[in-house]
Novice: 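So that we are looking at the same thing, I have put the structure below in structure tokens.
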2 protein chains.
Amino acid sequence: MSSKEVVSKRWQSGENGLTIERLPAKESFKSKAYAALKEAITHMNIYGSSEPMLLDERDISERLGASRTPIREAVAMLEQEGLLRAVPRRGIMVVRRSKAEIVEMIEAWAALESMAARLATQRASDEAIAELRTLFKKFDLSRIERDRCDEYSSANIAFHQALIRLSGSSLLAAMTENLFFHVRAIRHRTIFEMDRAQRSASDHLEIIVALEARDADRAERLVRDHTLRLAEHVENHVDLD
Amino acid sequence: MSSKEVVSKRWQSGENGLTIERLPAKESFKSKAYAALKEAITHMNIYGSSEPMLLDERDISERLGASRTPIREAVAMLEQEGLLRAVPRRGIMVVRRSKAEIVEMIEAWAALESMAARLATQRASDEAIAELRTLFKKFDLSRIERDRCDEYSSANIAFHQALIRLSGSSLLAAMTENLFFHVRAIRHRTIFEMDRAQRSASDHLEIIVALEARDADRAERLVRDHTLRLAEHVENHVDLD
DNA sequence: TCCGAAAAATTGGCATACCAAATACCAACA
DNA sequence: TGTTGGTATTTGGTATGCCAATTTTTCGGA
């Protein structure tokens, strides 16, 4: 067997149980630009003004100290992800979602998370579920001051993310994370009203109980209805456009 | 009113019923490369050999008659989409999903489609649901010859896509389409066995009945279980790695 | 024949330059 | 003063070239 074949085999898969991942090396400008842009978009009040938010390639490349090429690649990725939209001769703009789109996202989220709850009742360990209860006590939403909207929002999302992790499906986690990103962006507007917090807390507790009881149907339904209520709330009480 | 304002108004929105959309312009090399690569990947028997399938930037740019730059942007997009993975000094490889990942995809699909079914019972028109029945009759899966695996697979997916469209959520449609892409790639292996066709057909019929009855819970459950059975089937009877 | 080191070739990341389309600007004319 | 035609500028798309990290090949010595 030639040396080449041996090397090739090593890389294919670790039949020896030792999978060698190429170390991250030094991050490329492309990834750095991607991260920087996403970070910037995250902390941007997208729905603050109604003016289109434009980005300029050359400007960005100067700020980041790189050429346009890696920036363009990063933009292409974010465009694929649905966060940006590049229009020729017009600029790169941050995509603003319509209320209808946000509602669809929350509905999709409800679908994924309710499935996660179902799977969690079948797969999560008792210990893992117990941790969820701990998290619940620690960040008891009803205790958060009524004016700390962001904190409420964060704690809320933390609970949901923890729940999704219980499913053991990294895909569900990844997909919902993406949805959270968009939904989170309108938290200023949604005013995720604090009077919903009480309801949220009790909902969450009910969900935990259902998980502990390993009641798949009930857990699924509770999660679904809980999130669909948010969708309905946004539909009825949020004005974006 | 000045001429300029008239023109401006015309472009804003067609209150005169004439909406002028900016013409698509000529597709950029970037989009063409993206489409070409995706097309190529689609018709590639990804799980045919166990050898890593490598792509070469320079080779691709020559074939497409463009420079490396737009190809690299297209690759960056496909990488973001999870279809490719570019490793420095090693090449661009088509991502091969593990069985576990495929199963997770089918579970996510089940989540999204069952939600679509629920929404469809609330939103789809009787006519739209009726069309689903038409489609079902036309492509009655039980009639497809037992050796036409691809045809079965296509008809199957067509039914599911039609169902999802009934929900009216373009997001659910987009997300599942992405999942279908990956699941479809293993159709040769899954042998989506034809003996499952009979079951599939009756399942589909039941689903249609539930939709017609506007029974949200039942429609949701039928769709979920139907797809989760596929996940279980893949889990138990498919060997990828 | 085998091994290892050095040289050569690959290859992806990045910078730069150029181009064409589209807009902004401006001056001349009605 | 307002419109118009043309020019300057901006900006995204693409091509090209260089570089550094790696891999592959070569080749001399054991």
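Lettering of chains follows the sequences in order, A, B, ..., and the numbering in each one begins at 1.
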Novice: In this structure, how many angstroms lie between the P atom of D/dT11 and the CZ atom of A/Arg58, rounded?
Specialist: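 My rounded result for the distance is 7 Å.
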Novice: What is the distance, rounded to the nearest whole Å, between atom CG of A/Asp56 and atom C1' of C/dT23?
Specialist: 14 Å
Novice: Could you tell me whether A/Arg68 and A/Glu57 make a salt bridge, using a distance below 4.0 angstrom between a side-chain N and a carboxylate O?
Specialist: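 So A/Arg68 pairs with A/Glu57 through a salt bridge.
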Novice: What is the distance, to the nearest angstrom, from the CD atom on B/Glu27 to the C1' atom on D/dT14?
Specialist: 15 Å
Novice: Does C/dA15 have OP1 or OP2 under 4.0 Å away from a side-chain N or O of A/Ser67?
Specialist: yes
Novice: Taking for each residue the nucleotide of DNA chain D with the nearest heavy atom, is it B/Gly65 or A/Ile92 whose nucleotide lies nearer the 5' end?
Specialist: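 In this pair, the answer is A/Ile92.
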Novice: Give the rounded distance in Å between these two atoms: NZ of A/Lys30 and C1' of C/dA15.
Specialist: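 The distance from NZ of A/Lys30 to C1' of C/dA15 comes to 16 Å, rounded to the nearest Å.
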Novice: Taking atom types as they are modelled, would you say the side chain of A/Arg72 forms a donor-acceptor pair with the base of D/dG12 within the 3.5 Å cutoff?
Specialist: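 Checked by distance alone, the answer is no.
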Novice: In this structure, how many angstroms lie between the C1' atom of C/dA15 and the CD1 atom of A/Ile60, rounded?
Specialist: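 One finds 17 Å between C1' of C/dA15 and CD1 of A/Ile60, rounded.
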Novice: Think B/Arg68 has a side-chain N or O under 4.0 angstrom from the OP1 or OP2 of D/dT16?
Specialist: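 Negative; the distance criterion is not met.
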Novice: Got B/Arg96 and B/Met53 here, is their nearest side-chain heavy-atom distance under 4.5 Å?
Specialist: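 When only atoms from C-beta onward are counted, B/Met53 and B/Arg96 do touch, with a gap below 4.5 Å.
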Novice: Please state how far atom CD in A/Glu62 lies from atom C1' in D/dT11, giving the value in whole angstrom units.
Specialist: 13 Å
Novice: Using a heavy-atom cut-off of under 4.0 Å over every strand shown, decide if A/Ala86 touches base, sugar-phosphate, or nothing.
Specialist: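 It contacts nothing in the nucleic acid.
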Novice: Let me know the distance between CE of B/Met77 and P of D/dG13, rounded to the nearest Å.
Specialist: 10 Å
Novice: Quick one: on DNA chain D, does B/Ala66 or A/Leu55 contact a more 5' nucleotide (nearest heavy atom)?
Specialist: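 Checking each residue's closest nucleotide, the 5'-ward one belongs to A/Leu55.
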Novice: Once salt bridge (Lys or Arg N to Asp or Glu O under 4.0 Å) is applied, do any residues pair with A/Arg118, and if so which ones, sequence neighbours excluded?
Specialist: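 Counting only residues at least two positions away or on another chain, A/Arg118 forms a salt bridge (Lys or Arg N to Asp or Glu O under 4.0 Å) with A/Asp217, A/Glu220.
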Novice: Rounded to whole angstroms, how far apart are CG on A/Leu54 and P on D/dT11?
Specialist: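 It works out to 10 Å between those atoms.
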Novice: With a 3.5 Å distance limit and no angle check, can you tell me whether B/Tyr34 reaches the backbone of B/Glu73 through a side-chain donor-acceptor pair?
Specialist: no
Novice: Using the side-chain heavy atoms of A/Glu57, tell me which of these nucleotides is nearest: D/dT14, D/dG13, C/dC14.
Specialist: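 Side chain of A/Glu57 sits closest to D/dG13.
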Novice: Would you check if A/Arg224 and B/Met115 make a side-chain contact, meaning some heavy-atom pair closer than 4.5 Å?
Specialist: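 When only atoms from C-beta onward are counted, B/Met115 and A/Arg224 do touch, with a gap below 4.5 Å.
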